S.K.: 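Input: one structure, supplied below.
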Amino acid sequence: MSSTTHPIGKNPIPRHLISIDDLDRAAIERILDRAESFAEVQGREIKKVPALRGRTVVNLFYEASTRTSSSFELAAKRLSADVVSVRSIGSSVEKGESLKDTVQTLSAYDPAAIVIRSPHVGAAQLVAGWTSAAVINAGDGKHEHPTQALLDVFTLRRELGSLDDVKIWIVGDVLHSRVARSDILAFRRMGAAVTVCAPPTLIPRGVEALGCQATPTLGGLDEADVIYVLRMQRERMRDSFVPSLREYAERYQINSARLRPGQLVMHPGPVNRGVELSGEVIDSDQALIGAQVKAGVAVRMAVLYELLVPAPVLAVVA
Ligand code: NCD
């Protein structure tokens with residue numbers, strides 16, 4: 001007598017989450033549905049479930065973070081995991097320990113997952129080769145930030161019901177933005193039409209290959225249902241890409257003169273108030289920025305859950 005096992009459900013969730021390309025539409029929908037159930041838990045007085053009791057999640061942040069690091073920490077804690085959060089500042093990274101040695105050191109605690117943010121493109125992929133833990137990319141240089149894209153899709157799906165045929169304009173420093181890259185992939189996969197808009201120096205060459213259009217001016221912004229605004233990533237700029245922030249704001253700032261009623265405004269944070277977005281737009285009812293932050297916890301709970309809790313298996317005895 002032999003027995004084989006088949007996972008229930010046909011949309012396998014990958015072992016690691018490095019890129020939105022790891023997920024097809026069905027897998028994204030599965031994570032979002034799971035996030036809906038965790039969002040409901042977040043509305044309760046006791047916001048904790050025992051799903052990851054006895055398991056360990058390591059958060060390893062080599063770059064500044066407020067929203068992503070706090071929401072991953074909260075997500076792991078609300079799933080009852082033990083959480084270790086390490087930042088490069090104040091850790092042995094400052095003493096010259098390499099990423100590989102740090103990962104191997106932390107792997108000695110046998111974590112179920114390592115969440116990594118790094119200024120270097122490809123860092124999360126490298127970490128996945130050095131540990132037996134599931135690795136979640138919380139931003140690798142200007143490459144990808146898949147959980148941000150998932151929470152953005154979650155927020156829009158809640159607001160609009162579906163992203164099919166929704167017109168989304170991404171405005172700002174697309175060149176240096178990992179959020180832009182992950183969002184273009186995720187929005188497209190969910191059926192939206194995406195246009196990126198920036199000064200020509202800040203539009204990556206060949207960006208259309210990701211399935212979007214590109215334009216150097218805000219002309220035509222009226223057609224957008226959603227305007228997703230990005231910060232100038234000055235920490236990643238080696239040259240001067242725009243004459244000045246004042247001139248950038250004059251031509252590209254999303255303000256009440258440029259926004260039409262009914263358009264939705266998103267931003268991953270941190271916002272440079274008065275540069276890419278005007279204060280009155282940030283504080284208006286059209287902005288979903290607060291909803292995005294709130295969605296971060298439920299969506300990251302869903303990602304941790306889907307990666308770490310095995311799907312029920314159906315034993316077929318032959
Ligand atoms: C973004 C990031 O770090 O890539 N922020 C975030 O994760 N919420 C965007 C940014 O820093 O501009």
Side-chain angles (χ1 to χ4, degrees), residues 17-20 35 59-76 85 87-89 115-125 136-156 168-187 196-199 202-204 210 226-238 241-242 245 248-249 252-254 265-277 281-282 287-301 303-304:
L17 180 56
I18 309 292
S19 161
I20 284 293
N59 293 322
L60 189 51
F61 278 71
Y62 281 76
E63 234 190 30
S65 177
T66 302
R67 282 147 280 261
T68 307
S69 61
S70 58
S71 62
F72 262 116
E73 184 163 341
L74 218 45
S85 293
R87 290 195 178 248
S88 48
I89 296 165
V115 178
I116 166 95
R117 166 167 287 192
S118 161
H120 302 297
V121 171
Q125 187 68 60
I136 301 172
N137 183 5
D140 62 330
K142 61 180 185 177
H143 178 228
E144 280 228 40
H145 191 357
T147 60
Q148 177 70 42
L150 290 170
L151 75 87
D152 290 334
V153 173
F154 178 87
T155 305
L156 278 179
I168 304 177
W169 275 50
I170 299 179
V171 181
D173 180 2
V174 180
L175 182 66
H176 299 100
S177 174
R178 53 197 175 207
V179 174
R181 198 181 157 74
S182 292
D183 268 348
I184 294 168
L185 293 172
F187 292 159
V196 300
C197 172
L202 292 174
I203 298 179
L210 297 175
V226 178
I227 306 172
Y228 195 104
V229 187
L230 297 170
R231 175 177 73 85
M232 287 286 129
Q233 306 252 323
R234 275 177 289 183
E235 72 275 25
R236 296 192 212 290
M237 293 184 187
R238 279 194 215 100
F241 285 82
V242 287
L245 288 183
Y248 174 81
Y252 295 94
Q253 183 189 80
I254 303 303
V265 177
M266 300 177 82
H267 192 300
V271 180
N272 288 147
R273 194 175 267 263
V275 181
E276 68 271 19
L277 271 179
V281 168
I282 298 170
L288 299 178
I289 302 167
Q292 289 172 269
V293 175
K294 194 166 176 197
V297 178
V299 169
R300 289 175 173 125
M301 286 174 83
V303 168
L304 286 166

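One-based numbering, in listed order, for ligands and for the atoms of each. None of the values given here were measured: they were computed from a predicted structure.
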S.K.: Please could you name the atoms of ligand 1 that Gln148 approaches to less than 4.0 Å, counting only its heavy atoms?
M.R.: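 Reading through ligand 1 atom by atom, the close ones are 6 (C), 7 (O), 8 (N).
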S.K.: Working note: Leu202 + Leu175, criterion side-chain contact (heavy atoms from CB on, under 4.5 Å); need CA distance, chi angles, decisive distance, verdict.
M.R.: CA-CA 5 Å; Leu202 292 174; Leu175 182 66; 4.3 Å; yes
S.K.: Determine whether a donor-acceptor pair (N or O, by modelled atom type, separation under 3.5 Å) exists between the side chain of Arg117 and the backbone of Ala138.
M.R.: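 Answer holds: yes.
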S.K.: Find all atoms of ligand 1 within a distance of less than 4.0 Å from any non-hydrogen atom belonging to Pro270, and give their numbers and elements.
M.R.: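 Matching atoms, with element in brackets: 10 (C), 11 (O).
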S.K.: For the side chain of Glu144 and the backbone of Ile20, is there at least one donor-acceptor N/O pair under 3.5 Å apart?
M.R.: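 Yes, Glu144 side chain to Ile20 backbone: donor-acceptor pair under 3.5 Å.
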S.K.: Going by the order shown, which atoms of ligand 1 are within less than 4.0 Å of some heavy atom of Arg231?
M.R.: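 That gives atoms 10 (C), 11 (O), 12 (O) of ligand 1.
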S.K.: Could you check atom 3 (O) of ligand 1 against the protein and tell me its nearest heavy-atom contact, residue, atom and distance included?
M.R.: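 Minimum-distance protein heavy atom for atom 3 (O) of ligand 1 reads Arg178 NH2, 2.9 Å.
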S.K.: To which protein heavy atom is atom 7 (O) of ligand 1 closest, and what is the distance rounded to 0.1 Å?
M.R.: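 Nearest neighbour among protein heavy atoms for atom 7 (O) of ligand 1, to 0.1 Å: His145 NE2, 2.8 Å.
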S.K.: Non-hydrogen atoms of Arg117 versus ligand 1: any pair closer than 4.0 Å?
M.R.: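 Yes, Arg117 has a heavy atom closer than 4.0 Å to ligand 1.
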S.K.: Checking contacts here: is it the side chain or the backbone of Val179 that comes within 4.0 Å of ligand 1, counting heavy atoms only? Could be both or neither.
M.R.: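 The side chain, only.
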S.K.: What part of Gln233, side chain from CB on, backbone N/CA/C/O, both or neither, has a heavy atom under 4.0 Å from ligand 1?
M.R.: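 Only the side chain of Gln233 comes within reach of ligand 1.
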S.K.: With a 3.5 Å distance limit and no angle check, can you tell me whether Gln253 reaches the backbone of Val275 through a side-chain donor-acceptor pair?
M.R.: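 Yes, Gln253 side chain to Val275 backbone: donor-acceptor pair under 3.5 Å.
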S.K.: Suppose we measure from atom 6 (C) of ligand 1 to each protein heavy atom; which comes out shortest, and what is that distance?
M.R.: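 Scanning the protein heavy atoms, the shortest distance from atom 6 (C) of ligand 1 goes to Gly269 O, 3.6 Å.
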S.K.: Does ligand 1 have any atom that is closer than 4.0 Å to a heavy atom of Pro268?
M.R.: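 Contact check Pro268 vs ligand 1: positive.
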S.K.: Look only at the side chain of Arg231 and the backbone of Val271, and say whether a donor-acceptor pair between them is shorter than 3.5 Å.
M.R.: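 The answer is no, because no donor-acceptor pair under 3.5 Å joins these two groups.
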S.K.: Are a donor atom and an acceptor atom from the side chains of Gln148 and Asp183 found within less than 3.5 Å of each other?
M.R.: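 Note: Gln148 and Asp183 side chains miss the donor-acceptor criterion.
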S.K.: Is Gln292 reaching over with its side chain to a backbone N or O of His267, donor-acceptor style, under 3.5 angstrom?
M.R.: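 Confirmed, Gln292 side chain pairs with His267 backbone.
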